Trainee: 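My questions will all concern the structure given below.
These numbers come from a predicted model, not from an experiment. Chain letters run A, B, ... following the sequence lines, proteins first, then strands; residues in each count from 1.
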Number of protein chains: 2
Amino acid sequence: MEKYKEAGLKLTPQRLAILKYLEGNKEHPSADDIYKAISKKFPTMSFATVYNTLETLRKRGQVMELNFDPFKKRFDPNPRPHHHVICVSCQKILDVQNEFSLDPPQIESEEFEIIGSHIEFYGVCSKCKGKRRN
Amino acid sequence: MEKYKEAGLKLTPQRLAILKYLEGNKEHPSADDIYKAISKKFPTMSFATVYNTLETLRKRGQVMELNFDPFKKRFDPNPRPHHHVICVSCQKILDVQNEFSLDPPQIESEEFEIIGSHIEFYGVCSKCKGKRRN
DNA sequence: CTGGCTGCAAATCTTTTGCATCCTG
DNA sequence: CAGGATGCAAAAGATTTGCAGCCAG
């Protein structure tokens, strides 16, 4: 929790609960997931606080906002940039460990200065592969 | 327009307007963009029709739904899979022409069957680079 | 103490839906 | 003429905002 203090953030009980929930979480929860999980133990937690906190953390680079779920934003507490695999069947999202070196992209009639990249892999996870019963 | 007929779609004036708007459009418009553009010339066009048509086209693989704009879905009339560059300053999205061969992703404790992938490059377009006045 | 944070409810924005009517094939 | 398509308005979700009161530093 040290790093949050260093960043000049107030450590309220609500924030601690959110931080604890995110810590090591690999499920890429949505704001709603976070709210639901925490409000069980913390009935006064409000959506506004969840969004405020996530927005604050995002600005400080401590969570990443993931946009590939068309229904809602998801949040990733893994601060270093990385890639993802998405199960097209159950929508589960997992982190990809390796790094990729990509050729510079060819763009029609534009000179882009490339800063970074993000790869989404689409696939079927082992659980869903089993269910499909080939 | 031949291909739409072949697919068994009814060619209503509204659909023709949407198809014409998308034809060759590289701007990855949102449903709202499409609605706004078309309702000027076609005042009775409704959102429902825009969404219905896009959904129909998506099912037939004639448009792609893009999710990386956190505020809304965007649509891409380019039917073959391809990658994108996004200007972090003006949010403009352009197509990337080249293909990439990616190593299989390493995933913790899971065996994914990989089906496809999509790369987003982030960068600054030439227009925005100029504005920044380095 | 004081500014940042919280909680509530209302507002906003995008997308979806129900249903009566319309019109293409 | 039938079934798919349209248009309207209302509903549904996700996220944001205004504001009064609260509390960590």
Trainee: Please tell me which of the listed nucleotides, C/dT17, D/dA5, C/dT6, lies nearest to the side chain of B/A48?
Mentor: C/dT17

Trainee: If I take atom CG in residue B/L11 and atom P in nucleotide D/dG4, what distance separates them, rounded to the nearest angstrom?
Mentor: 16 Å

Trainee: With the threshold set at 4.0 Å, does a side-chain nitrogen-carboxylate oxygen contact exist between A/K36 and A/D32?
Mentor: yes

Trainee: Using only side-chain N and O atoms of A/K73, determine if any of them is under 4.0 Å from OP1 or OP2 of D/dT16.
Mentor: yes

Trainee: Over how many whole Å does the gap from B/R15 atom CZ to D/dG7 atom C1' extend?
Mentor: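 Nearest whole value for this atom pair: 14 Å.
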
Trainee: Measuring from the side chain of A/K10 (C-beta onward, heavy atoms only), which nucleotide among C/dC8, C/dC5, D/dT15 has the closest atom?
Mentor: C/dC5

Trainee: Is it the case that the ring center of A/H84 lies less than 6.0 angstrom away from the ring center of A/H118?
Mentor: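 For A/H118 and A/H84, the ring centres are under 6.0 Å apart.
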
Trainee: Quiz question: by atom type and distance under 3.5 Å, do the side chains of A/D69 and A/H28 form a donor-acceptor pair?
Mentor: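 Note: A/D69 and A/H28 side chains miss the donor-acceptor criterion.
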
Trainee: Quick one: are the ring centres of A/F100 and A/F121 less than 6.0 Å apart?
Mentor: yes

Trainee: Would you please confirm or rule out a distance under 4.0 Å between OP1 or OP2 of C/dC13 and any side-chain N or O of A/K72?
Mentor: no

Trainee: C/dT17 P sits how many Å from B/F47 CZ, rounded?
Mentor: 16 Å

Trainee: Return whichever of B/M45 or B/P70 has its heavy-atom-nearest nucleotide of DNA chain D closer to the 5' end.
Mentor: B/M45

Trainee: When you check the phosphate oxygens OP1 and OP2 of C/dC23, does a side-chain N or O of B/Q14 lie under 4.0 Å from one of them?
Mentor: no

Trainee: Is A/S46 close enough to C/dC8 that one of its side-chain N or O atoms is under 4.0 Å from OP1 or OP2 there?
Mentor: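 No, no such contact exists.
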
Trainee: Separation of B/L16 atom CG from C/dT24 atom C1', in whole Å?
Mentor: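 Result: 11 Å.
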
Trainee: Using a cut-off of strictly less than 4.0 Å, decide whether A/T44 has a side-chain nitrogen or oxygen near OP1 or OP2 of C/dG7.
Mentor: yes

Trainee: Please determine if A/E55 and A/R58 form a salt bridge, counting it only when a charged side-chain N lies under 4.0 Å from a carboxylate O.
Mentor: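 A salt bridge is present here (some side-chain N lies under 4.0 Å from a carboxylate O).
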
Trainee: Under 4.0 Å: is that the gap between some side-chain N or O of A/Y51 and OP1 or OP2 of D/dT15?
Mentor: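 It does, given that an N or O in the side chain of A/Y51 lies less than 4.0 Å from OP1 or OP2 of D/dT15.
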
Trainee: For A/D32, which contact category applies under a 4.0 Å heavy-atom criterion: base, sugar-phosphate, or nothing?
Mentor: nothing

Trainee: What integer distance in Å separates B/F42:CZ from D/dA5:P?
Mentor: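 That distance rounds to 15 Å.
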
Trainee: Please give, in whole Å, the distance from D/dT16 P to A/E55 CD?
Mentor: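 Roughly 7 Å, once rounded to whole Å.
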
Trainee: Taking CG from A/N52 and P from D/dG18, how many angstroms apart are they, rounded to a whole number?
Mentor: 12 Å

Trainee: Which residue lies toward the 5' end of DNA chain C, B/T12 or B/F71, if each is placed at its nearest nucleotide?
Mentor: B/F71

Trainee: Within this structure, what is the CD1-to-C1' distance between A/I18 and C/dG7, rounded to whole angstrom?
Mentor: 13 Å

